[in-house]
Peer 1: 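Mind having a look at this structure? Questions to follow.
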Amino acid sequence: MASDVRAGEAGWHVEVANLLVTARGASGVSTPIVRDLSFGIARGEVLALIGESGSGKTTAGLSLLGYARPGCHIAGGRVRVGTTDVLALSRSELADFRGAKVSYVAQSAAAAFNPAQRLLSQVVEPALIHGLMSRRAAEAKARELFHALALPDPERIGDRYPHQVSGGQLQRVMAAMALIVDPELIVLDEPSTALDVTTQVEVLRAFKRVVRDLRTTALYISHDLAVVAQVADRIVVMYGGEAKEMGTTGTILEDAQHPYTRSLLAAAAPPGVPEAAADPAPPLLDVADLTAGYGGKGRAFIPVLHGISFAIAPGRVLGVIGESGCGKSTLARVVAGLLPQTSGQVLLDGKVLPARVEERTREQLRAVQIVFQSADTALNPARRVGPILARPLRFYHGMRGAAAHRRVGELLDMVRLPATLADRFPEELSGGQKQRVNLARALAAEPRLLLCDEVTSALDTVVGAAVLELLAELRRELGLAMMFISHDLSTVRAICDDIMILYAGQRVEFGSRAALRQLPRHPYTDLLLSSVPQLRQGWLDNLGAMHLREATGEPTLEDGARPCAFVRRCALRIEGVCDRATPPLRYLSKGGTILCHHTEAELSLEEVEDVAGPAQGASAVPDLE
């Protein structure tokens, strides 16, 4: 690594040499978390730092701002941006440097914006603080950036508050805030990780276009190699605080040398598990014509789910797929009894489940358990892991004392965690460890149905693949039925037997994993499939015009009330039909159903033409296997 930096010293616009960052533990002992890290970035180049959680990539990225998180210390090395020796700057000089010479785009734009201020006033703030231009000039430049980042209504979107725009739009507004000062370097820290695949396409294309047009030098931090393949010129692979491999993006993807890099490439495409054999037994869970939403009792009722029906047989896994706002998590909350439905029925073993959790028997509560997306908010930060797991043992099984202690150890072993973790608090665990504890708590009840709500979306590729493998193993060993909720079809293919596609609260497609591999598919299913980044360079640049038209925009509550929820975005819509009449439920010869005005023959013809090849401006759709 060091030779790479020395050879290009005169040409690097950004240089990091022998960086050492330490963290002080509770015992007072300092431990290196980034050690001897060296790399360079040329002007106008995008360099990616990639690795799993805890690899040190964000710590290394923050050092380019001369910043170390609480408890951490930049203990050695050199960081240069342009002609500025960053680590030699005083506190006041760092204040002038940050936000002027180097900008930072965080993973969560929602947490970074002030909810009480309009977007435009926040975007221009860095330019005004550093005295780089007048307010009028800053606002004019902000609107130019809104245009460049392909934001809707760019002349007026700045008048909105953060809660009035979507997640993908807010992420691009944050990029405008970072770019308004014309920084010498922009650090992008997992800017698309929390986004739906369709929104991610919009954000990545906007970032890539602006970085190219402005010749911005960028450091892109991510755990997703498929995303990095679309935006980075070179890649540094990090593990355990050290650089394990460095090379051009093409070299890393096609000829990786280090075993850890190869493991990242393998984890990016988890193998699918065999589909469970169809069970002739009655379904464990049967949901019929379910409608649900929020409000009522003096407040306006906002419908979220519209007439949803499905069944899950014992031992089978149903994947529920869709973008944010489609009603996936609402569905899980209804089944769990956390949100009562307004109409329809939820049956367990053929018997009606009470709509409210407080009305269910202890046995009904035990049978259906939910694993929430964020272990950080699901686990009590004031309790150690042992007592967290012992509580459901006591509530559902009356287990106490030595028996409970022994079972806690068995549960930790079941989710591949050491028994010593029972004495730790959640904050002392990694993201993957916390999610496993979250899963163990649900398994403590010995449920028959597990509701998994985006359980891998916040995890890096390697840890996420390990959790999926664990779920598949638990299903085999315990015979668990599951409802697996995600926005990522490539994740669902690794574990699910059947797949239900939701759009704006409507079930637009349902079928087995094998059926969804075959044409025809609902136009929205095609959009989701073709939006999953592929592990090759050029995929993003070669997306077809039809895909991009459909990818623009996100589902809204108003869409759910339309005759066809997808009509606003669908490239195949029939004017005067799709916008006026409710689409029929069509049973397809391949198995499964879709909600669409087009016949099976019409959809087959359209989709064959759409995937004919890049020469026609189409994008290939990846196989679910």
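Quick caveat, the model's predicted, so the values are computed rather than measured. Below, all heavy atoms of this structure are taken into account, side chains as well, without hydrogens, waters or symmetry copies.
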Peer 1: Which atom names give the shortest non-hydrogen contact between Gly591 and Ala515, and what distance separates them?
Peer 2: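 Here Gly591 and Ala515 meet closest at O-CB, 3.7 Å.
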Peer 1: Salt-bridge test for Asp413 and Arg407: reply yes if a basic N is under 4.0 Å from a carboxylate O, no otherwise.
Peer 2: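 Salt bridge between Asp413 and Arg407, a charged N being under 4.0 Å from a carboxylate O: no.
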Peer 1: To the nearest 0.5 angstrom, please state how far the CZ atom of Arg517 sits from the CD1 atom of Ile499.
Peer 2: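 If I round to the nearest 0.5 Å, the distance is 9.5 Å.
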Peer 1: Is the shortest heavy-atom distance from the side chain of His223 to the side chain of Glu52 under 4.5 Å?
Peer 2: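 A side-chain contact under 4.5 Å is absent here.
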Peer 1: Would you check if there is a donor-acceptor pair between the side chains of Arg507 and Thr593 at a distance under 3.5 Å?
Peer 2: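 Looking only at side-chain atoms, Arg507 and Thr593 do form a donor-acceptor pair, the distance falling under 3.5 Å.
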Peer 1: Please name the residue in the list His598, Arg586, Glu509 that meets the side-chain contact (heavy atoms from CB on, under 4.5 Å) test with His522.
Peer 2: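 With His522 as partner, His598, Arg586, Glu509 yield a single side-chain contact (heavy atoms from CB on, under 4.5 Å), made by Glu509.
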Peer 1: Would you say the side chain of Leu339 lies within less than 4.5 Å of the side chain of Tyr294, judging by non-hydrogen atoms?
Peer 2: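 Yes. Closest side-chain heavy atoms under 4.5 Å.
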Peer 1: Which pairs, with at least one residue in residues 415-426 and sequence neighbours excluded, count as a side chain to side chain donor-acceptor pair (under 3.5 Å)?
Peer 2: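 Qualifying pairs, neighbours excluded: Arg416-Glu473.
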Peer 1: Determine the minimum heavy-atom distance between Pro447 and Ala367, stating which atoms define it.
Peer 2: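 Looks like CB-O, 3.6 Å.
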Peer 1: State, to 0.1 Å, how close Pro583 and Pro563 come at their nearest heavy-atom pair, and which atoms those are.
Peer 2: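 Scanning both residues completely, I find the closest heavy atoms to be CD-O, 2.9 Å.
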Peer 1: Are the side chain of Lys57 and the backbone N or O of Ile221 linked by a donor-acceptor pair below 3.5 Å?
Peer 2: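 No, because the side chain of Lys57 does not come within donor-acceptor range (under 3.5 Å) of the backbone of Ile221.
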Peer 1: Is there a donor-acceptor contact under 3.5 Å linking the side chains of Tyr524 and Glu323?
Peer 2: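 Indeed, the side chains of Tyr524 and Glu323 share at least one donor-acceptor pair under 3.5 Å.
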Peer 1: Quick one: do the Asp453 and Ser329 side chains pair a donor with an acceptor below 3.5 Å?
Peer 2: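 There is such a pair between these side chains.
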Peer 1: Nearest 0.5 Å, what's the CG-CZ distance between Leu572 and Phe566?
Peer 2: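 Here the interatomic distance stands at 8.5 Å.
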Peer 1: May I ask you to check if Arg362 and Phe395 form a cation-pi contact, with NZ or CZ under 6.0 angstrom from the six-membered ring centre and within 45° of the axis?
Peer 2: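 Here Arg362 passes the 6.0 Å and 45° test against Phe395.
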Peer 1: Please name the pair of heavy atoms, one in Val346 and one in Leu285, separated by the smallest distance, quoted to 0.1 Å.
Peer 2: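 That would be CG1-CD1, 3.8 Å.
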Peer 1: Please report the shortest heavy-atom distance between Arg568 and Arg573, naming the atom on each side.
Peer 2: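 That closest heavy-atom pairing would be O-NH1, 3.9 Å.
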Peer 1: Give a yes or no on this: more than 12 heavy atoms of other residues, nucleotides or ligands lie within 6.0 Å of atom NE2 of His397.
Peer 2: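 Yes - once you tally the heavy atoms of other residues, nucleotides and ligands closer than 6.0 Å, there are more than 12.
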Peer 1: Quick one: OG1 on Thr599 to CG on Leu588, what's the gap to the nearest 0.5 Å?
Peer 2: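 One gets 10.5 Å once the value is rounded to the nearest 0.5 Å.
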Peer 1: I'd like to know if the side chain of Glu428 reaches the main chain of Phe425, judged simply by a donor and an acceptor atom lying under 3.5 Å from each other, with no hydrogens or angles considered.
Peer 2: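 Yes; at least one donor-acceptor contact below 3.5 Å.
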Peer 1: For a quick check under 3.5 Å, do Ser512 and Asp498 share a side-chain donor-acceptor pair by atom type?
Peer 2: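 The criterion, which ignores hydrogens and geometry beyond distance, is not satisfied for Asp498 and Ser512.
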Peer 1: From Leu451 CG over to Met483 CE, what is the distance, rounded to the nearest 0.5 angstrom?
Peer 2: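 Between atom CG of Leu451 and atom CE of Met483 there are 5.0 Å.
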Peer 1: List the steps and the verdict of side-chain hydrogen bond (donor to acceptor under 3.5 Å, both in side chains) for Asp289 and Ser309.
Peer 2: CA-CA 5 Å; Asp289 202 23; Ser309 298; 5.1 Å; no
Peer 1: Any side-chain to backbone donor/acceptor pair from Lys328 onto Leu502? Under 3.5 Å, distance only.
Peer 2: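 Checking the backbone N and O of Leu502 against the side chain of Lys328, no donor-acceptor pair under 3.5 Å is found.
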Peer 1: Does the side chain of Ile312 reach to within under 4.5 Å of the side chain of Leu449, using non-hydrogen atoms?
Peer 2: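 Side chain of Ile312 against side chain of Leu449, heavy atoms only: contact under 4.5 Å found.
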Peer 1: Who pairs with Arg262 by side chain to side chain donor-acceptor pair (under 3.5 Å), at least two apart in sequence or on another chain?
Peer 2: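 Arg262 satisfies side chain to side chain donor-acceptor pair (under 3.5 Å) with no residue once adjacent residues are dropped.
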Peer 1: Within the distance-only criterion (no hydrogens, no angle test), does the side chain of Asp349 pair as donor or acceptor with the backbone N or O of Lys351 below 3.5 angstrom?
Peer 2: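 Flag not set: sc Asp349 to bb Lys351 has no pair under 3.5 Å.
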Peer 1: For Gln534, does its backbone N or O pair with a side-chain atom of Gln230 as donor and acceptor, under 3.5 Å?
Peer 2: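 Yes, Gln230 side chain to Gln534 backbone: donor-acceptor pair under 3.5 Å.
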Peer 1: Identify the two heavy atoms, one from Met414 and one from Leu470, that lie closest to each other, and give their separation to 0.1 Å.
Peer 2: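 Scanning both residues, the minimum pair turns out to be O-CD1, 3.3 Å.
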Peer 1: I'd like to know whether Ile594 forms a side chain to side chain contact (heavy atoms under 4.5 Å, CB included) with Arg521, so could you lay out the CA-CA distance, the side-chain angles of the two residues, the decisive distance to 0.1 Å, and finally the verdict.
Peer 2: CA-CA 7 Å; Ile594 60 170; Arg521 291 180 284 256; over 6 Å; no
Peer 1: Report the C-alpha separation of Leu519 and Leu603 in whole Å, then their side-chain angles, then the decisive distance to 0.1 Å, and conclude whether the side chain to side chain contact (heavy atoms under 4.5 Å, CB included) test is met.
Peer 2: CA-CA 8 Å; Leu519 297 177; Leu603 282 175; over 6 Å; no
Peer 1: A side-chain contact here means heavy atoms from C-beta on lying under 4.5 Å apart; do Phe310 and Leu331 qualify?
Peer 2: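 In contact.
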Peer 1: Ignoring hydrogens and angles, tell me if any N or O in the side chain of Arg436 forms a donor-acceptor pair with the backbone of Val415 under 3.5 Å.
Peer 2: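 Yes, because the side chain of Arg436 sits within donor-acceptor range (under 3.5 Å) of the backbone of Val415.
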Peer 1: Any chance you could lay out the side chain to side chain contact (heavy atoms under 4.5 Å, CB included) test for Leu204 and Ser192, step after step, and finish with the verdict?
Peer 2: CA-CA 8 Å; Leu204 289 177; Ser192 66; 4.1 Å; yes
Peer 1: For Glu600, what residues pass the side chain to side chain donor-acceptor pair (under 3.5 Å) criterion, not counting sequence neighbours?
Peer 2: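 Residues passing side chain to side chain donor-acceptor pair (under 3.5 Å) with Glu600: Ser589.
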Peer 1: Under 6.0 Å from the CZ atom of Arg391, do we count more than 12 heavy atoms belonging to anything else shown?
Peer 2: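 Result for CZ/Arg391: open.
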Peer 1: Does Glu446 use its side chain to pair, donor to acceptor, with the backbone of Ala442 at less than 3.5 Å?
Peer 2: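 Here the side-chain-to-backbone pair does not exist.
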Peer 1: OG1/Thr582 to NE2/His306 distance, rounded to the nearest 0.5 angstrom?
Peer 2: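 It comes to 11.5 Å.
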Peer 1: With no hydrogens and no angle check, do the side chains of Tyr503 and Arg569 hold a donor and an acceptor under 3.5 Å apart?
Peer 2: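 Yes, a side-chain donor-acceptor pair sits under 3.5 Å.
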Peer 1: Are the side chain of Gln364 and the backbone N or O of Leu353 linked by a donor-acceptor pair below 3.5 Å?
Peer 2: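 Looks like no, no N/O pair under 3.5 Å.
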Peer 1: Should Leu540 and Pro533 count as side-chain neighbours, where that means a heavy-atom distance under 4.5 Å?
Peer 2: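 Heavy-atom side-chain distance check fails, nothing below 4.5 Å.
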Peer 1: Taking side chain as C-beta onward, heavy atoms only, is Leu439 less than 4.5 Å from Leu471?
Peer 2: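 Yes. Closest side-chain heavy atoms under 4.5 Å.
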Peer 1: I'd like to know if the side chain of Asp497 and the backbone of Val317 have a donor-acceptor N/O pair within less than 3.5 Å.
Peer 2: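 Yes; judged by distance alone, with no hydrogens or angles, the pair exists.
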Peer 1: Rounded to the nearest 0.5 Å, how far apart are CG of Leu443 and CG of Leu450?
Peer 2: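 One finds 6.0 Å between CG of Leu443 and CG of Leu450.
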Peer 1: Where the side chain of Arg316 meets the backbone of Ala313, is there a donor-acceptor pair that is under 3.5 Å apart?
Peer 2: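 Absent.
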Peer 1: What I'd like to find out is whether the side chain of Leu595 reaches to under 4.5 Å of the side chain of Gln506, using heavy atoms alone.
Peer 2: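 Counting from C-beta outward, Leu595 and Gln506 do come under 4.5 Å.
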Peer 1: How far apart are the C-alpha atoms of Ile308 and Thr291, what are their side-chain angles, what is the distance that settles it, and do they pass the side chain to side chain contact (heavy atoms under 4.5 Å, CB included) test?
Peer 2: CA-CA 7 Å; Ile308 302 297; Thr291 298; over 6 Å; no
Peer 1: Quick one: are Val492 and Phe484 in side-chain contact, heavy atoms under 4.5 Å?
Peer 2: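 They are in contact (side-chain heavy atoms under 4.5 Å apart), so the answer is yes.
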